[in-house]
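Single-structure report; data block below.
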Protein chains: 2
Amino acid sequence: MHAHVSPMLSNNRQSSTLSPFSGAYSTREYGRSGPLDEIVALGRARMVTEGTAIHRAGDAFRSVFYIKSGAAKRVLIQEDGREQILGFPMPGDIVAIEAISAGTHSTTVVALDICAIVEIPFEALEALAAERPDVARFLYQRMSAALREEHSWLAALGLFNADERLATFLLDLSQRFSARGFSAQRFMLRMTRAEIGSFLGLTLETVSRVFSRFQKLGLLNVTRREIELLDMDALYKLAHTRPTH
Amino acid sequence: MHAHVSPMLSNNRQSSTLSPFSGAYSTREYGRSGPLDEIVALGRARMVTEGTAIHRAGDAFRSVFYIKSGAAKRVLIQEDGREQILGFPMPGDIVAIEAISAGTHSTTVVALDICAIVEIPFEALEALAAERPDVARFLYQRMSAALREEHSWLAALGLFNADERLATFLLDLSQRFSARGFSAQRFMLRMTRAEIGSFLGLTLETVSRVFSRFQKLGLLNVTRREIELLDMDALYKLAHTRPTH
DNA sequence: CGCTGGTTTGACTTGGCTCAATCATCGTGG
DNA sequence: CCACGATGATTGAGCCAAGTCAAACCAGCG
(Lines give C-alpha, C1' and ligand atoms only; values in the text may rest on other atoms or scores of the structure.)
Protein backbone atom coordinates (compact mmCIF):
# COMPACT_ATOMS: atom_id res chain seq x y z
CA MET A 1 0.00 0.00 0.00
CA HIS A 2 1.44 3.28 -0.97
CA ALA A 3 0.71 4.81 2.37
CA HIS A 4 2.93 2.52 4.26
CA VAL A 5 5.11 5.19 5.72
CA SER A 6 7.45 3.61 8.10
CA PRO A 7 8.54 6.42 10.31
CA MET A 8 11.76 4.70 10.89
CA LEU A 9 13.75 3.21 8.20
CA SER A 10 16.29 1.87 6.27
CA ASN A 11 19.72 2.64 7.54
CA ASN A 12 19.82 -0.89 8.73
CA ARG A 13 22.63 -2.89 7.36
CA GLN A 14 21.04 -6.07 8.44
CA SER A 15 22.82 -9.35 8.12
CA SER A 16 21.09 -11.32 5.45
CA THR A 17 21.50 -14.50 7.44
CA LEU A 18 18.73 -13.51 9.75
CA SER A 19 15.74 -14.57 7.77
CA PRO A 20 12.11 -14.11 8.59
CA PHE A 21 11.86 -17.86 8.26
CA SER A 22 13.96 -18.35 11.31
CA GLY A 23 11.34 -17.67 13.89
CA ALA A 24 11.71 -14.79 16.26
CA TYR A 25 13.75 -12.04 14.80
CA SER A 26 15.47 -9.21 16.54
CA THR A 27 14.79 -5.57 15.99
CA ARG A 28 17.97 -3.91 16.95
CA GLU A 29 18.41 -3.03 13.35
CA TYR A 30 14.99 -1.56 12.87
CA GLY A 31 13.45 1.36 14.61
CA ARG A 32 16.29 3.36 15.91
CA SER A 33 15.08 6.87 16.49
CA GLY A 34 15.95 8.86 19.55
CA PRO A 35 12.58 9.10 21.26
CA LEU A 36 11.65 5.49 20.63
CA ASP A 37 14.56 4.10 22.59
CA GLU A 38 13.68 6.24 25.56
CA ILE A 39 10.04 5.35 25.27
CA VAL A 40 10.80 1.66 25.20
CA ALA A 41 13.07 2.17 28.20
CA LEU A 42 9.98 3.14 30.20
CA GLY A 43 8.97 -0.51 30.36
CA ARG A 44 10.55 -3.91 30.73
CA ALA A 45 10.53 -6.61 28.09
CA ARG A 46 8.69 -9.85 28.59
CA MET A 47 7.93 -12.85 26.46
CA VAL A 48 4.51 -13.89 25.32
CA THR A 49 3.75 -17.28 23.82
CA GLU A 50 1.86 -17.95 20.63
CA GLY A 51 -1.86 -17.62 21.01
CA THR A 52 -1.84 -15.48 24.13
CA ALA A 53 -3.40 -12.05 24.21
CA ILE A 54 -1.10 -9.10 24.79
CA HIS A 55 -4.14 -7.10 25.71
CA ARG A 56 -7.87 -7.68 25.40
CA ALA A 57 -10.78 -5.49 24.41
CA GLY A 58 -12.51 -4.45 27.60
CA ASP A 59 -9.35 -4.42 29.69
CA ALA A 60 -8.66 -1.19 31.49
CA PHE A 61 -6.25 0.88 29.46
CA ARG A 62 -3.02 1.50 31.27
CA SER A 63 -0.29 0.86 28.74
CA VAL A 64 0.63 0.70 25.13
CA PHE A 65 2.82 -2.17 23.96
CA TYR A 66 5.95 -2.15 21.91
CA ILE A 67 6.53 -5.23 19.79
CA LYS A 68 10.19 -6.11 20.06
CA SER A 69 10.07 -9.39 18.18
CA GLY A 70 7.55 -11.90 16.90
CA ALA A 71 4.30 -11.41 15.07
CA ALA A 72 0.78 -10.58 16.18
CA LYS A 73 -2.72 -9.78 15.02
CA ARG A 74 -4.91 -6.85 16.03
CA VAL A 75 -8.55 -7.87 16.28
CA LEU A 76 -11.80 -5.99 16.70
CA ILE A 77 -14.51 -8.22 18.14
CA GLN A 78 -18.10 -7.30 17.29
CA GLU A 79 -20.93 -7.56 19.77
CA ASP A 80 -22.23 -10.57 17.90
CA GLY A 81 -18.90 -12.34 18.26
CA ARG A 82 -17.65 -11.94 14.71
CA GLU A 83 -14.05 -10.85 14.41
CA GLN A 84 -12.40 -8.37 12.11
CA ILE A 85 -8.64 -8.41 11.96
CA LEU A 86 -7.32 -4.88 11.78
CA GLY A 87 -3.70 -5.59 11.08
CA PHE A 88 -0.61 -7.63 11.74
CA PRO A 89 1.85 -5.72 13.91
CA MET A 90 5.52 -6.37 13.35
CA PRO A 91 8.58 -5.69 15.44
CA GLY A 92 9.03 -1.97 15.92
CA ASP A 93 5.29 -1.34 15.96
CA ILE A 94 3.40 0.00 18.94
CA VAL A 95 -0.06 -1.39 19.58
CA ALA A 96 -3.03 -0.11 21.57
CA ILE A 97 -2.50 3.55 20.72
CA GLU A 98 -6.15 3.71 19.72
CA ALA A 99 -7.09 3.04 23.34
CA ILE A 100 -5.39 6.16 24.66
CA SER A 101 -8.05 8.26 26.32
CA ALA A 102 -10.66 5.56 26.01
CA GLY A 103 -10.41 4.08 29.48
CA THR A 104 -10.62 0.57 28.12
CA HIS A 105 -9.02 -1.24 25.23
CA SER A 106 -11.24 -1.52 22.17
CA THR A 107 -9.13 -4.08 20.38
CA THR A 108 -7.47 -7.36 21.25
CA VAL A 109 -3.90 -8.11 20.22
CA VAL A 110 -2.90 -11.75 20.05
CA ALA A 111 0.60 -13.11 19.50
CA LEU A 112 0.85 -15.23 16.36
CA ASP A 113 4.22 -16.42 17.44
CA ILE A 114 6.40 -16.16 20.48
CA CYS A 115 6.78 -12.41 21.01
CA ALA A 116 9.00 -10.15 23.00
CA ILE A 117 6.96 -7.16 24.04
CA VAL A 118 7.50 -4.11 26.19
CA GLU A 119 4.58 -2.80 28.16
CA ILE A 120 4.85 0.97 28.35
CA PRO A 121 2.70 2.55 31.06
CA PHE A 122 0.87 5.38 29.40
CA GLU A 123 1.11 7.56 32.47
CA ALA A 124 4.88 7.49 32.28
CA LEU A 125 4.77 8.00 28.53
CA GLU A 126 2.51 10.98 28.83
CA ALA A 127 4.72 12.47 31.53
CA LEU A 128 7.79 12.05 29.36
CA ALA A 129 5.99 13.59 26.41
CA ALA A 130 4.95 16.55 28.55
CA GLU A 131 8.53 17.59 29.09
CA ARG A 132 10.08 16.32 25.88
CA PRO A 133 8.60 17.89 22.72
CA ASP A 134 10.33 15.31 20.54
CA VAL A 135 8.57 12.52 22.40
CA ALA A 136 5.23 14.24 21.99
CA ARG A 137 5.94 14.69 18.31
CA PHE A 138 6.87 11.05 18.02
CA LEU A 139 3.50 10.13 19.46
CA TYR A 140 1.63 12.41 17.05
CA GLN A 141 3.60 10.88 14.23
CA ARG A 142 2.82 7.33 15.17
CA MET A 143 -0.85 8.06 15.63
CA SER A 144 -1.26 9.99 12.42
CA ALA A 145 0.67 7.34 10.50
CA ALA A 146 -1.65 4.73 11.97
CA LEU A 147 -4.61 6.79 10.75
CA ARG A 148 -3.20 7.00 7.26
CA GLU A 149 -2.71 3.24 7.24
CA GLU A 150 -6.27 2.59 8.21
CA HIS A 151 -7.36 4.94 5.44
CA SER A 152 -5.48 2.91 2.88
CA TRP A 153 -7.07 -0.33 4.01
CA LEU A 154 -10.48 1.26 4.14
CA ALA A 155 -10.00 2.24 0.52
CA ALA A 156 -8.81 -1.24 -0.34
CA LEU A 157 -11.93 -2.80 1.17
CA GLY A 158 -14.15 -0.22 -0.47
CA LEU A 159 -12.65 -0.22 -3.94
CA PHE A 160 -10.60 -3.35 -4.57
CA ASN A 161 -11.58 -6.85 -5.63
CA ALA A 162 -10.06 -10.01 -4.18
CA ASP A 163 -7.01 -10.03 -6.47
CA GLU A 164 -6.22 -6.41 -5.81
CA ARG A 165 -6.62 -6.81 -2.08
CA LEU A 166 -4.32 -9.78 -1.87
CA ALA A 167 -1.69 -8.14 -4.06
CA THR A 168 -1.87 -5.05 -1.87
CA PHE A 169 -1.53 -7.16 1.23
CA LEU A 170 1.50 -9.05 -0.05
CA LEU A 171 3.25 -5.89 -1.14
CA ASP A 172 2.55 -4.27 2.20
CA LEU A 173 4.12 -7.24 4.00
CA SER A 174 6.99 -7.17 1.55
CA GLN A 175 7.72 -3.51 2.20
CA ARG A 176 7.52 -3.92 5.92
CA PHE A 177 9.88 -6.89 5.88
CA SER A 178 12.21 -5.01 3.64
CA ALA A 179 12.11 -1.94 5.90
CA ARG A 180 13.24 -4.25 8.70
CA GLY A 181 16.14 -5.58 6.72
CA PHE A 182 14.61 -8.80 5.43
CA SER A 183 14.05 -9.96 1.92
CA ALA A 184 11.24 -8.21 0.10
CA GLN A 185 10.71 -11.28 -2.09
CA ARG A 186 10.81 -14.24 0.24
CA PHE A 187 9.17 -14.30 3.61
CA MET A 188 7.03 -16.32 5.92
CA LEU A 189 3.37 -15.65 6.45
CA ARG A 190 2.73 -15.85 10.15
CA MET A 191 -1.03 -15.96 9.80
CA THR A 192 -3.55 -18.49 8.49
CA ARG A 193 -5.58 -18.07 5.31
CA ALA A 194 -8.59 -17.38 7.51
CA GLU A 195 -6.74 -14.52 9.21
CA ILE A 196 -5.66 -13.04 5.91
CA GLY A 197 -9.24 -13.34 4.76
CA SER A 198 -10.58 -11.62 7.83
CA PHE A 199 -8.15 -8.77 7.38
CA LEU A 200 -9.04 -8.35 3.71
CA GLY A 201 -12.78 -8.89 4.01
CA LEU A 202 -12.63 -12.19 2.14
CA THR A 203 -13.23 -15.84 3.00
CA LEU A 204 -10.34 -18.20 3.51
CA GLU A 205 -11.38 -20.12 0.38
CA THR A 206 -11.12 -17.01 -1.73
CA VAL A 207 -7.68 -16.26 -0.33
CA SER A 208 -6.56 -19.76 -1.14
CA ARG A 209 -7.98 -19.59 -4.66
CA VAL A 210 -6.30 -16.28 -5.40
CA PHE A 211 -2.99 -17.63 -4.14
CA SER A 212 -3.37 -20.61 -6.47
CA ARG A 213 -4.25 -18.42 -9.41
CA PHE A 214 -1.36 -16.04 -8.75
CA GLN A 215 0.94 -19.02 -8.64
CA LYS A 216 -0.45 -20.38 -11.91
CA LEU A 217 0.13 -16.96 -13.46
CA GLY A 218 3.72 -16.97 -12.27
CA LEU A 219 3.30 -14.00 -9.94
CA LEU A 220 4.50 -15.92 -6.90
CA ASN A 221 5.27 -19.26 -5.33
CA VAL A 222 3.51 -20.22 -2.17
CA THR A 223 3.50 -23.43 -0.16
CA ARG A 224 1.86 -23.36 3.20
CA ARG A 225 3.27 -20.29 4.91
CA GLU A 226 6.34 -19.76 2.78
CA ILE A 227 5.93 -17.27 0.01
CA GLU A 228 8.14 -15.94 -2.73
CA LEU A 229 7.07 -13.00 -4.85
CA LEU A 230 8.22 -13.52 -8.41
CA ASP A 231 6.65 -10.72 -10.43
CA MET A 232 6.62 -7.62 -8.27
CA ASP A 233 5.71 -5.39 -11.21
CA ALA A 234 2.55 -7.32 -11.90
CA LEU A 235 1.66 -7.26 -8.23
CA TYR A 236 2.21 -3.52 -8.03
CA LYS A 237 0.01 -3.10 -11.05
CA LEU A 238 -2.73 -5.11 -9.39
CA ALA A 239 -2.38 -3.07 -6.22
CA HIS A 240 -2.57 0.18 -8.19
CA THR A 241 0.64 1.38 -6.62
CA ARG A 242 4.20 2.07 -7.48
CA PRO A 243 7.06 0.75 -5.41
CA THR A 244 7.99 3.23 -2.69
CA HIS A 245 11.57 4.40 -3.14
CA MET B 1 -29.13 30.22 7.51
CA HIS B 2 -30.28 29.43 4.03
CA ALA B 3 -33.55 29.46 2.24
CA HIS B 4 -33.47 25.74 1.61
CA VAL B 5 -33.28 24.83 5.23
CA SER B 6 -36.35 22.80 5.73
CA PRO B 7 -38.83 23.50 8.47
CA MET B 8 -38.96 19.79 9.12
CA LEU B 9 -36.30 19.99 11.72
CA SER B 10 -38.41 21.81 14.15
CA ASN B 11 -38.35 19.34 16.96
CA ASN B 12 -34.81 19.85 18.00
CA ARG B 13 -34.25 21.39 21.33
CA GLN B 14 -32.27 24.27 20.01
CA SER B 15 -33.65 27.08 17.99
CA SER B 16 -36.14 25.48 15.71
CA THR B 17 -34.86 27.33 12.70
CA LEU B 18 -31.43 25.87 13.04
CA SER B 19 -30.67 23.04 10.69
CA PRO B 20 -28.11 20.56 11.89
CA PHE B 21 -25.69 21.49 9.20
CA SER B 22 -26.31 24.99 8.11
CA GLY B 23 -26.53 26.92 11.30
CA ALA B 24 -23.39 28.07 12.94
CA TYR B 25 -23.54 27.00 16.49
CA SER B 26 -21.04 27.69 19.13
CA THR B 27 -18.72 25.03 20.36
CA ARG B 28 -20.29 25.32 23.71
CA GLU B 29 -23.14 22.95 23.01
CA TYR B 30 -20.98 20.15 21.74
CA GLY B 31 -17.59 19.00 22.69
CA ARG B 32 -17.21 21.46 25.42
CA SER B 33 -13.87 20.89 26.83
CA GLY B 34 -11.64 23.65 27.94
CA PRO B 35 -8.81 22.92 25.54
CA LEU B 36 -10.97 22.94 22.43
CA ASP B 37 -12.00 26.57 22.83
CA GLU B 38 -8.40 27.61 23.22
CA ILE B 39 -7.31 25.49 20.31
CA VAL B 40 -9.94 27.00 18.07
CA ALA B 41 -8.85 30.44 19.25
CA LEU B 42 -5.48 29.78 17.60
CA GLY B 43 -7.05 30.40 14.20
CA ARG B 44 -9.61 32.65 12.59
CA ALA B 45 -12.89 31.51 11.11
CA ARG B 46 -13.60 31.76 7.43
CA MET B 47 -16.37 30.63 5.14
CA VAL B 48 -16.03 28.03 2.44
CA THR B 49 -18.63 27.51 -0.26
CA GLU B 50 -20.17 24.21 -1.30
CA GLY B 51 -17.90 22.17 -3.49
CA THR B 52 -14.64 23.84 -2.53
CA ALA B 53 -11.80 21.94 -0.97
CA ILE B 54 -10.80 22.87 2.55
CA HIS B 55 -7.52 21.10 1.92
CA ARG B 56 -6.26 18.82 -0.82
CA ALA B 57 -4.15 15.68 -0.83
CA GLY B 58 -0.65 16.70 -1.81
CA ASP B 59 -0.86 20.15 -0.23
CA ALA B 60 1.88 20.90 2.24
CA PHE B 61 0.65 20.21 5.74
CA ARG B 62 0.59 23.31 7.88
CA SER B 63 -2.73 23.25 9.65
CA VAL B 64 -5.58 21.17 10.88
CA PHE B 65 -9.11 22.48 10.38
CA TYR B 66 -11.93 22.83 12.83
CA ILE B 67 -15.40 22.54 11.33
CA LYS B 68 -17.54 25.20 12.95
CA SER B 69 -20.63 24.71 10.80
CA GLY B 70 -21.68 23.06 7.59
CA ALA B 71 -20.98 19.58 6.23
CA ALA B 72 -18.05 18.06 4.41
CA LYS B 73 -16.63 14.84 3.06
CA ARG B 74 -13.16 13.40 3.62
CA VAL B 75 -11.84 11.72 0.50
CA LEU B 76 -8.87 9.52 -0.26
CA ILE B 77 -7.97 9.64 -3.93
CA GLN B 78 -6.22 6.58 -5.35
CA GLU B 79 -3.42 6.79 -7.86
CA ASP B 80 -5.79 5.55 -10.54
CA GLY B 81 -8.24 8.34 -9.83
CA ARG B 82 -10.85 6.34 -7.96
CA GLU B 83 -12.15 7.94 -4.80
CA GLN B 84 -12.92 6.47 -1.43
CA ILE B 85 -14.89 8.62 0.95
CA LEU B 86 -13.53 8.20 4.47
CA GLY B 87 -16.17 10.09 6.39
CA PHE B 88 -18.48 13.02 6.69
CA PRO B 89 -17.17 15.53 9.23
CA MET B 90 -19.71 17.50 11.20
CA PRO B 91 -19.47 20.68 13.21
CA GLY B 92 -17.17 20.18 16.16
CA ASP B 93 -14.92 17.80 14.24
CA ILE B 94 -11.30 18.46 13.43
CA VAL B 95 -10.03 17.29 10.04
CA ALA B 96 -6.55 16.60 8.70
CA ILE B 97 -5.18 15.18 11.93
CA GLU B 98 -3.92 12.20 9.94
CA ALA B 99 -1.55 14.53 8.09
CA ILE B 100 0.33 15.58 11.20
CA SER B 101 3.93 14.59 10.73
CA ALA B 102 3.41 13.58 7.13
CA GLY B 103 4.60 16.76 5.47
CA THR B 104 1.73 16.71 3.02
CA HIS B 105 -1.96 16.07 3.29
CA SER B 106 -2.98 12.56 2.29
CA THR B 107 -6.69 13.26 2.10
CA THR B 108 -8.89 15.90 0.54
CA VAL B 109 -11.74 17.48 2.45
CA VAL B 110 -14.51 19.06 0.41
CA ALA B 111 -17.37 21.17 1.73
CA LEU B 112 -20.77 19.61 0.96
CA ASP B 113 -22.43 22.83 1.98
CA ILE B 114 -21.37 26.29 2.93
CA CYS B 115 -19.03 25.78 5.86
CA ALA B 116 -17.50 27.90 8.56
CA ILE B 117 -14.07 26.53 9.28
CA VAL B 118 -11.15 27.52 11.45
CA GLU B 119 -7.67 26.84 10.17
CA ILE B 120 -5.44 25.99 13.10
CA PRO B 121 -1.71 26.24 12.34
CA PHE B 122 -0.17 23.08 13.63
CA GLU B 123 2.96 24.84 14.76
CA ALA B 124 0.95 26.98 17.14
CA LEU B 125 -1.08 23.98 18.24
CA GLU B 126 2.01 21.93 18.96
CA ALA B 127 3.54 24.82 20.90
CA LEU B 128 0.41 25.17 22.99
CA ALA B 129 0.34 21.43 23.60
CA ALA B 130 3.97 21.52 24.69
CA GLU B 131 3.19 23.72 27.64
CA ARG B 132 -0.35 22.65 28.36
CA PRO B 133 -0.72 18.96 29.23
CA ASP B 134 -4.48 19.15 28.89
CA VAL B 135 -4.12 20.33 25.29
CA ALA B 136 -1.73 17.50 24.52
CA ARG B 137 -4.13 15.06 26.09
CA PHE B 138 -6.97 16.52 24.03
CA LEU B 139 -4.95 15.84 20.90
CA TYR B 140 -4.20 12.25 21.91
CA GLN B 141 -7.88 11.78 22.63
CA ARG B 142 -9.03 13.09 19.30
CA MET B 143 -6.51 11.03 17.40
CA SER B 144 -7.20 7.81 19.25
CA ALA B 145 -10.94 8.36 18.91
CA ALA B 146 -10.43 8.84 15.18
CA LEU B 147 -8.55 5.56 15.07
CA ARG B 148 -11.33 3.74 16.86
CA GLU B 149 -13.82 5.17 14.40
CA GLU B 150 -11.86 3.94 11.43
CA HIS B 151 -11.69 0.54 13.08
CA SER B 152 -15.46 0.37 13.28
CA TRP B 153 -15.89 1.24 9.63
CA LEU B 154 -13.19 -1.18 8.62
CA ALA B 155 -15.12 -3.89 10.42
CA ALA B 156 -18.35 -2.77 8.78
CA LEU B 157 -16.80 -3.06 5.32
CA GLY B 158 -15.21 -6.37 6.16
CA LEU B 159 -18.16 -8.05 7.85
CA PHE B 160 -21.44 -6.36 6.96
CA ASN B 161 -23.73 -6.68 3.98
CA ALA B 162 -25.43 -3.75 2.28
CA ASP B 163 -28.39 -3.60 4.68
CA GLU B 164 -26.20 -3.73 7.74
CA ARG B 165 -23.86 -1.08 6.40
CA LEU B 166 -26.63 1.35 5.59
CA ALA B 167 -28.31 0.81 8.95
CA THR B 168 -24.98 1.40 10.68
CA PHE B 169 -24.44 4.54 8.65
CA LEU B 170 -27.86 5.97 9.44
CA LEU B 171 -27.52 5.25 13.14
CA ASP B 172 -24.09 6.83 13.18
CA LEU B 173 -25.48 9.98 11.63
CA SER B 174 -28.39 9.85 14.01
CA GLN B 175 -26.15 9.65 17.05
CA ARG B 176 -23.92 12.41 15.87
CA PHE B 177 -26.88 14.70 15.21
CA SER B 178 -28.30 13.85 18.56
CA ALA B 179 -24.97 14.52 20.29
CA ARG B 180 -25.12 17.99 18.75
CA GLY B 181 -28.58 18.66 20.03
CA PHE B 182 -30.62 17.79 16.96
CA SER B 183 -33.25 15.19 16.40
CA ALA B 184 -32.00 11.63 16.26
CA GLN B 185 -34.98 10.61 14.10
CA ARG B 186 -35.33 13.28 11.45
CA PHE B 187 -32.45 14.87 9.64
CA MET B 188 -31.16 15.91 6.30
CA LEU B 189 -28.61 13.91 4.33
CA ARG B 190 -26.11 16.33 2.90
CA MET B 191 -24.49 13.82 0.59
CA THR B 192 -25.58 12.09 -2.60
CA ARG B 193 -26.36 8.39 -2.90
CA ALA B 194 -23.08 8.01 -4.75
CA GLU B 195 -21.20 9.55 -1.82
CA ILE B 196 -22.95 7.29 0.69
CA GLY B 197 -22.11 4.38 -1.58
CA SER B 198 -18.48 5.35 -1.80
CA PHE B 199 -18.24 5.60 1.96
CA LEU B 200 -19.90 2.22 2.48
CA GLY B 201 -18.21 0.38 -0.35
CA LEU B 202 -21.45 0.06 -2.32
CA THR B 203 -22.78 1.40 -5.60
CA LEU B 204 -25.27 4.23 -5.64
CA GLU B 205 -27.89 1.86 -7.07
CA THR B 206 -27.52 -0.49 -4.13
CA VAL B 207 -27.84 2.39 -1.69
CA SER B 208 -31.00 3.52 -3.42
CA ARG B 209 -32.46 0.02 -3.44
CA VAL B 210 -31.76 -0.52 0.24
CA PHE B 211 -33.38 2.82 1.07
CA SER B 212 -36.45 1.75 -0.89
CA ARG B 213 -36.60 -1.61 0.80
CA PHE B 214 -36.17 -0.11 4.28
CA GLN B 215 -39.01 2.26 3.48
CA LYS B 216 -41.21 -0.59 2.28
CA LEU B 217 -40.46 -2.41 5.53
CA GLY B 218 -41.46 0.63 7.55
CA LEU B 219 -38.00 1.21 8.99
CA LEU B 220 -37.78 4.76 7.67
CA ASN B 221 -39.15 7.39 5.35
CA VAL B 222 -36.84 8.95 2.85
CA THR B 223 -37.51 11.36 0.02
CA ARG B 224 -34.52 12.84 -1.68
CA ARG B 225 -32.29 14.04 1.16
CA GLU B 226 -34.85 14.18 3.91
CA ILE B 227 -34.90 11.15 6.12
CA GLU B 228 -36.92 10.03 9.09
CA LEU B 229 -35.99 6.93 11.06
CA LEU B 230 -39.13 5.13 12.17
CA ASP B 231 -37.97 1.86 13.68
CA MET B 232 -34.73 2.50 15.50
CA ASP B 233 -34.84 -0.88 17.20
CA ALA B 234 -34.89 -2.71 13.91
CA LEU B 235 -32.08 -0.53 12.62
CA TYR B 236 -29.98 -1.19 15.71
CA LYS B 237 -30.58 -4.88 15.28
CA LEU B 238 -29.39 -4.68 11.69
CA ALA B 239 -26.33 -2.72 12.75
CA HIS B 240 -25.53 -5.26 15.48
CA THR B 241 -25.34 -2.51 18.08
CA ARG B 242 -27.18 -1.21 21.05
CA PRO B 243 -28.11 2.43 21.37
CA THR B 244 -25.39 4.42 23.10
CA HIS B 245 -26.71 6.97 25.48
C1' DC C 1 -40.32 25.30 -20.69
C1' DG C 2 -36.05 22.13 -21.41
C1' DC C 3 -31.58 21.16 -19.40
C1' DT C 4 -28.99 18.99 -15.68
C1' DG C 5 -27.72 16.36 -11.80
C1' DG C 6 -29.46 13.22 -8.85
C1' DT C 7 -32.54 9.19 -7.98
C1' DT C 8 -35.24 5.14 -8.79
C1' DT C 9 -36.19 0.81 -10.82
C1' DG C 10 -35.60 -3.15 -13.89
C1' DA C 11 -33.05 -6.92 -16.31
C1' DC C 12 -29.02 -9.29 -16.44
C1' DT C 13 -24.31 -10.79 -15.04
C1' DT C 14 -20.80 -12.12 -12.00
C1' DG C 15 -17.40 -12.31 -8.18
C1' DG C 16 -17.05 -14.13 -4.18
C1' DC C 17 -19.63 -16.92 -0.62
C1' DT C 18 -21.40 -21.44 1.06
C1' DC C 19 -21.20 -26.11 1.45
C1' DA C 20 -18.61 -30.10 0.98
C1' DA C 21 -14.97 -33.33 -0.09
C1' DT C 22 -10.11 -34.22 -0.08
C1' DC C 23 -5.43 -33.63 1.06
C1' DA C 24 -1.11 -32.38 3.60
C1' DT C 25 1.47 -31.64 7.72
C1' DC C 26 2.42 -32.21 12.23
C1' DG C 27 2.16 -33.51 17.04
C1' DT C 28 0.82 -37.25 20.21
C1' DG C 29 0.38 -41.48 22.38
C1' DG C 30 0.19 -46.50 21.93
C1' DC D 1 8.01 -46.51 14.91
C1' DC D 2 3.50 -45.90 12.98
C1' DA D 3 -1.47 -44.81 13.46
C1' DC D 4 -4.29 -41.23 14.43
C1' DG D 5 -6.54 -37.02 15.08
C1' DA D 6 -6.38 -32.21 14.54
C1' DT D 7 -5.57 -28.22 12.15
C1' DG D 8 -5.00 -25.84 8.06
C1' DA D 9 -5.15 -25.67 2.92
C1' DT D 10 -6.90 -26.74 -1.54
C1' DT D 11 -10.38 -27.47 -4.92
C1' DG D 12 -15.02 -28.09 -6.92
C1' DA D 13 -20.11 -27.15 -7.60
C1' DG D 14 -23.84 -24.23 -7.08
C1' DC D 15 -25.91 -20.01 -5.63
C1' DC D 16 -26.91 -15.36 -4.35
C1' DA D 17 -25.89 -10.48 -3.16
C1' DA D 18 -24.39 -6.83 -5.24
C1' DG D 19 -22.46 -4.99 -9.47
C1' DT D 20 -23.34 -3.36 -14.38
C1' DC D 21 -25.97 -1.47 -17.93
C1' DA D 22 -29.87 0.90 -19.28
C1' DA D 23 -34.12 3.42 -19.10
C1' DA D 24 -37.23 6.52 -16.87
C1' DC D 25 -38.18 9.85 -13.62
C1' DC D 26 -38.05 14.06 -10.84
C1' DA D 27 -37.00 18.58 -8.97
C1' DG D 28 -34.81 22.71 -9.37
C1' DC D 29 -33.07 26.37 -12.21
C1' DG D 30 -31.78 29.16 -16.00
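Just the heavy atoms: all of them, side chains too, but no hydrogens, waters or symmetry mates, feed the values below. Throughout, protein chains are lettered first and strands after them, A, B, ... in sequence-line order, and every chain is numbered starting at 1. In this text, all values refer to a predicted model and were calculated from it rather than measured experimentally.
Here the P atom of nucleotide C:dG6 and the CZ atom of B:Arg190 are 15 Å apart, to the nearest Å. The nearest whole Å value for the distance from the CD atom in A:Glu50 to the P atom in C:dC26 is 14 Å. In this entry the distance linking CG of A:Leu166 with C1' of C:dG15 reads 15 Å, nearest Å. Look at CG on A:Leu189: it is 16 Å from C1' on C:dT25, rounded to the nearest Å. Going from atom CG of B:Leu204 over to atom P of C:dT8 covers 9 Å, rounded to whole Å. Look at CE on B:Met188: it is 13 Å from C1' on C:dG6, rounded to the nearest Å.
When distances run from any side-chain atom of A:Arg225 to the nucleotides D:dA9, C:dT8, D:dT11, the shortest one goes to D:dA9.
Considering all non-hydrogen atoms of both residues, A:Arg74 and A:Pro89 come closest at CG-CG, 3.5 Å.
To the nearest 0.5 angstrom, A:Arg209 atom CZ is 9.0 Å from A:Leu204 atom CG.
Using a 4.0 Å cut-off between a side-chain N of Lys or Arg and a carboxylate O of Asp or Glu, A:Asp233 and A:Arg242 do not qualify as a salt bridge.
Looking at heavy atoms from C-beta onward, A:Thr192 lies in side-chain contact with A:Arg225 at the 4.5 angstrom threshold. Side-chain atoms of B:Lys73 and B:Val109, non-hydrogen and from C-beta on, never get closer than 4.5 Å to each other.
In this structure, A:Thr192 does not reach the D:dT7 phosphate: none of its side-chain N or O atoms is under 4.0 Å from OP1 or OP2. Applying the 4.0 Å criterion to OP1 and OP2 of C:dG6, one finds that B:Arg193 has every side-chain N and O outside that range.
Stems are defined here as 3 or more consecutive Watson-Crick or G-U wobble pairs with pairing distances under 3.5 Å; those involving DNA chain C are C:1-30 with D:1-30.
Note: B:His105 and B:His55 have parallel aromatic rings, judged against thresholds of 30 and 60 degrees for the angle between ring planes.
Of the possible donor and acceptor atoms, none in the side chain of A:Ser208 sits under 3.5 Å from a partner among the backbone N and O of A:Thr206. Panel note: side chain B:Arg193, backbone B:Arg224; a donor-acceptor pair is recorded below 3.5 Å.
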Where protein sits on nucleotides 12-30 of chain D, one letter per nucleotide: B base, S sugar-phosphate only, - none, heavy atoms under 4.0 Å: BB----SSBB---------
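Separation of the B:Phe88 and B:Phe199 ring centroids falls under the 6.0 Å cut-off.
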